[in-house]
*Asks:* 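Can you read through this structure? Questions will come right after.
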Amino acid sequence: MVDTCQLRFARADYDRLHAHLFPGDNDEHGAVLLAGITEKEGQPTFLVREVHLAMEGSDYVEGKVGYRALHPSFIHKMITRARDEKLAYLAAHNHHSDLSVGFSRIDLDSHELGYPALMQIARGIPVGALVFGERSIQSDVWLKDGTRLGLDHATIIGESVETLYPSSKPYEEIGDEAYERQLRMFGVEGQKRLSKCHVAILGLGGIGSLVAELLSRLGVGRFTLIDDDVVEVSNLSRIVGADRIDAEKALRKIDVAERVILQANLSAIVTKLEGDIAIESNAKTLAHVDYIFLAADSMRARLVFNAVVHQYLVPGVQLGSKVRSTEEGGLLDVMSANRPVRPGSGCLWCNGLIDITALAKETKTDEERKEQAYGVEEPNPSVITLNAIAAAHAVNDFLLDFLGLRSESESIHYEHFHHLSRKRMLVEPRKDEICPECSSKEGRFARGDGFGLPTLEG
Ligand SMILES: [Zn+2]
Ligand SMILES: [Zn+2]
């Protein structure tokens, strides 16, 4: 099998499946996963939306050919549901192996025997199998054109971001002296993961430019930058790497950020996207990155970011800083915020962080706003030190979570720094049981390309 696919799970779904497959009895167990699909350059990524555990004795029974098999009526129920929901059908079972796993000859024979008929019922949606080791996964997914897909890798997204392969590959040495000191903390494997990692930064103003600086110094290898603004003199107090000449030339903020990134890491690959984050083509590129930093402070950006995280199972963080004053200008609160957003841990809607009134206001042009007496708002205060605290904490979380460096898996918390009172507050995000944006029982979750994003054209 030359062609490959990818697989993404929310952590809670993977853990539930893993516990079912490996209860400690050294036996074989089964399940069916239904998954949304997103495609890039012909390679599909399957986004696990539903996990249906096969019950011993009724759904998972003695096989005619192999040792055990899914019961035909269970398969029928699942394939019909997959077809109706337009989700890929993936039958899962386990083998007793650890860091590498593959299908047996009997497994492959049974796919060849059974899948042509399932493909007929599925009417064009992909059908296939996954086999799990303790810490490895392989796939044999059939597409309607006859292609069969092995697994490139699977990502499990929760408080940490774990990557599993059909078999783990040894990492070669890294020759670059530039990383010598940080290697001592996260090792050759960690450095390699960073160099292969693709991050998106939404907004390259005060906070986003700091995020770009920090990530590129760490050795992150790929960046997608989205911003439609140019540098002005009034930005120079905050934008890393920008100077007076940039402001005079009205250089784009994404160009300044690219320069900063390449200064730190010449081999970084940078994709620059102009225009609003909410333009559909911009939003869709986010489905294929490994991590999203939302450093743009508009409600529309929050709306799109939040949708992408849950629809495509991409981990991200919303970060910002805020200064609140009294009418007379006295300071009430000076705050930096670092809010990780992960599938399964609530969303910006559940937590009241998307304000519908502000959202409606943003969709009007400045002209309309004047007419309707909303008024064009004064710019908010913005100070580099406040931005730096948010940026450093968000990038640090990315580093620890993405490389799996925390000793225990900590649950997700929003981090709020109230600087006047010197307080750091940890807030557990709310998670509504039935939320159309983030609940796995409702609308958007893991739907992939088959579902609309709340974009400007959409
Ligand atoms: Zn098997
Ligand atoms: Zn929600």
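Note that this is a predicted model, so its numbers are computed, not measured. Just so you know, ligand 1 is whichever comes first in the structure, and atom 1 is the first atom listed for that ligand.
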*Asks:* Under the side-chain contact (heavy atoms from CB on, under 4.5 Å) test against Phe223, which residue among Ile254, Ile269, Ile261 passes?
*Replies:*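 Exactly one candidate clears the test, Ile261.
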*Asks:* With a cut-off of 2.8 Å, which protein N/O/S atoms are close to the Zn ion (ligand 2), if we only count those under it?
*Replies:*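 Metal shell, protein only: Cys347 SG, Cys350 SG, Cys435 SG, Cys438 SG.
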*Asks:* Ion pair present between Asp227 and Lys272, side-chain N to carboxylate O less than 4.0 angstrom?
*Replies:*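 The answer is no: the pair does not qualify as a salt bridge.
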*Asks:* Are Val61 and Phe74 close enough, and set up right, to give a side chain to side chain contact (heavy atoms under 4.5 Å, CB included), and what steps lead you there?
*Replies:* CA-CA 11 Å; Val61 293; Phe74 184 67; over 6 Å; no
*Asks:* What protein N, O or S atoms come within a distance below 2.8 Å of the Zn ion (ligand 1), ordered by chain and number?
*Replies:*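 N, O, S partners closer than 2.8 Å: His93 NE2, His95 NE2, Asp107 OD1, Asp107 OD2.
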*Asks:* Taking NZ, NE, NH1 and NH2 as the nitrogens, is one of them in Arg81 or Glu50 under 4.0 Å from a carboxylate oxygen of the other?
*Replies:*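 Glu50 and Arg81: salt-bridged.
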*Asks:* So with a 6.0 Å cut-off around NE2 of His153, is the heavy-atom count from everything else above 12?
*Replies:*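 Enclosed.
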*Asks:* Is a salt bridge present between Glu112 and Arg148, judged by a nitrogen-to-oxygen distance below 4.0 Å?
*Replies:*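 Counted as a salt bridge, because a side-chain N and a carboxylate O are separated by less than 4.0 Å.
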*Asks:* For Tyr312, does the six-membered ring have the charged nitrogen or CZ of Arg8 within the cation-pi criterion, i.e. under 6.0 angstrom from the centroid and within 45° of the normal?
*Replies:*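 Pair Arg8/Tyr312 does not count as cation-pi.
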*Asks:* In terms of side-chain heavy atoms, does Arg444 have a donor or acceptor partner in Gln311 at a distance below 3.5 Å?
*Replies:*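 On atom types as modelled, these side chains qualify, holding a pair under 3.5 Å.
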*Asks:* How long is the span from the CZ atom in Arg342 to the OG atom in Ser160, to the nearest 0.5 Å?
*Replies:*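 Here the rounded value is 8.5 Å.
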